[in-house]
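Notes follow the structure.
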2 protein chains.
Amino acid sequence: MARKTGSHAEITGPKVRAAAQKLFARMGYAAVSMRRIAEEVGVQAGALYLYTPDKQTLLYDLMKSHMEELLAAWAAAEKGGDPLARLEAFVRFHIRFHLERPDAVFIAYMELRNLEAENFARIEALRKAYEDELEAILADGRAAGLFDVPDTKLATLALIAMLTGVNTWYREGGRLSRERIESIYLDMALGAVGAEAGRARAMAAPCREAE
Amino acid sequence: MARKTGSHAEITGPKVRAAAQKLFARMGYAAVSMRRIAEEVGVQAGALYLYTPDKQTLLYDLMKSHMEELLAAWAAAEKGGDPLARLEAFVRFHIRFHLERPDAVFIAYMELRNLEAENFARIEALRKAYEDELEAILADGRAAGLFDVPDTKLATLALIAMLTGVNTWYREGGRLSRERIESIYLDMALGAVGAEAGRARAMAAPCREAE
DNA sequence: GTCTATAGAAAGATAGAC
DNA sequence: GTCTATCTTTCTATAGAC
């Protein structure tokens, strides 16, 4: 405890990011002032500029961290073997990851408009990389005759929109558990890409049912 | 031509709304100033207040008009007979309606945060009424054994998220026609609610399944 | 590292001339 | 109906004391 009072760089920095994330998600980037963020952190507005060169960079860093975390988490996830198992892994991963970070997800989808051109391009590249992961699964599944997908790009965007939509209505402690939500969305996702129809056809003989 | 110069109430009013809609959609409500709207219209900032009491009302009126137009258009649409036909009508209607109004749709989804409490409640009620239309179709379809939907509320939100997602990537003159997009999304929607599986099962002769 | 103070720009909204 | 002018507030960002 030999430190000078008022010296809290390692703790204040993350607090600034946390406060910005919370406020940007609730009120929107453009509607949040640096003063409001400072108030949330418990410092004066001027002190924020020790941790970010400006407001824009604060937003960009939040979005970049989120997207990189998303890609890293997916890279580290269990991914099963055949396309059907990989699709299930993706759906469950996507929902779980997104439900755990509602604020970051909200910002990543709503504040693209407020990024300057260069920052926007970098975030879009990361998003594209994530979409490509799903599209590869759908393409492999189609090639294997497991999925009925006329356009893998469209199906990718449709599935991601559907899955991410969970964040718009999910509330902690609601009537459905996350596990249950995952399973319901998984069935819908499989149906959307014709996986159940494919399976039903494949198993035509002895009358078996999925899940 | 006996009018006084500078008298353009009937033309300027709609122009203000059109300019606000365009700018709110591109930059976001909070990031657009009244001066910027005035510039787009070609008048001075003060003149805007002849057409709206304040900026908030401008936003609210845009969103209210959009939602009311949506409900009215659906009420007037052809809706087919059985739940399968009604679902197809809904999907095609939703995509067509939304693709024709990208700016209004964008605002309706992105600017809810910027509505004052009372205005927010009114818009949410209109949105709920629209969701209820789809949920009724799904509930009827399930009751008739046509759809496999464990939770109609969830399926409603999932479908709407998926369908509205078209607006995030569709661009005029892209590689797919609207008709083609409608058809692809329709197939995915039917698959998601188990309509195709139901059909396949029904045609599979002896194999019947519970639920 | 945080504070107070402030520069400089821009915001929403209004008053009154024409 | 539109303009100019302005009131009042708030904003981002910086300077300099402690």
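Here the structure is a predicted model, which is why all the values come from computation and not from measurement. Proteins get letters first, then strands, A, B, ... in listed order; numbering begins at 1 in each.
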(message) Let's see if you can work this out: which of C:dT2, D:dC11, D:dC3 has an atom nearest to the side-chain heavy atoms of A:S33?
(response) D:dC11
(message) Parallel, tilted or perpendicular: which one describes the rings of A:F24 and A:Y29, with boundaries at 30° and 60°?
(response) perpendicular
(request) Check whether NZ of the Lys or CZ of the Arg B:R127 lies under 6.0 Å from the centre of the six-membered ring of B:Y109 and within 45 degrees of that ring's axis. (result) yes
(message) What is the distance, to the nearest angstrom, from the CD atom on A:Q56 to the C1' atom on D:dC11?
(response) 16 Å
(message) Side chain of A:Y51, heavy atoms from C-beta onward: which of C:dG1, D:dT14, D:dT2 has the nearest atom to it?
(response) C:dG1
(request) Answer yes or no: is there a side-chain heavy-atom contact under 4.5 Å between B:R142 and B:T152? (result) yes
(request) Choose from C:dA13, D:dA13, D:dT2 the nucleotide whose nearest atom is closest to any side-chain atom of B:A47. (result) D:dT2
(message) I want to check a possible cation-pi pair here: B:R101 against B:F97, using under 6.0 Å from ring centre and within 45° of the ring axis as the test.
(response) yes
(request) Just compare C:dC3, C:dA13, D:dA13 and give me whichever is closest to any side-chain atom of A:K55. (result) D:dA13
(message) Please report the distance, rounded to the nearest Å, between CE in B:M34 and P in D:dT4.
(response) 17 Å
(message) By nearest atom, which of the nucleotides D:dT2, C:dA13, C:dC3 is closest to the A:Q44 side chain?
(response) C:dC3
(message) Tell me the interatomic distance from A:I37, atom CD1, to D:dC11, atom C1', rounded to whole angstroms.
(response) 12 Å
(message) Counting only side-chain nitrogens and oxygens, does B:T12 get under 4.0 Å of the OP1 or OP2 atom of D:dT2?
(response) yes
(message) Output the rounded distance in Å from OH (A:Y29) to C1' (D:dC11).
(response) 12 Å
(message) So if I take every side-chain heavy atom of A:L50 and compare against C:dG1, D:dT2, D:dA13, which nucleotide ends up nearest?
(response) C:dG1
(message) Just so I know, are the side chains of B:I37 and B:M34 near enough to count as touching, which here means a heavy-atom distance under 4.5 Å?
(response) yes
(request) Round to a whole Å and report the spacing from CG of B:L59 to C1' of C:dG12. (result) 15 Å
(message) Any base atoms under 4.0 Å from A:V41, or only sugar-phosphate, or nothing? Heavy atoms, all strands.
(response) nothing
(request) Figure out the OH/C1' separation between B:Y49 and D:dT4, and round it to whole Å. (result) 16 Å
(request) Hey, which sits more toward the 5' end of DNA chain D by its nearest nucleotide, A:R36 or A:P53? (result) A:R36
(message) Could you tell me how far apart A:E39 (CD) and D:dC11 (C1') are, to the nearest whole angstrom?
(response) 15 Å
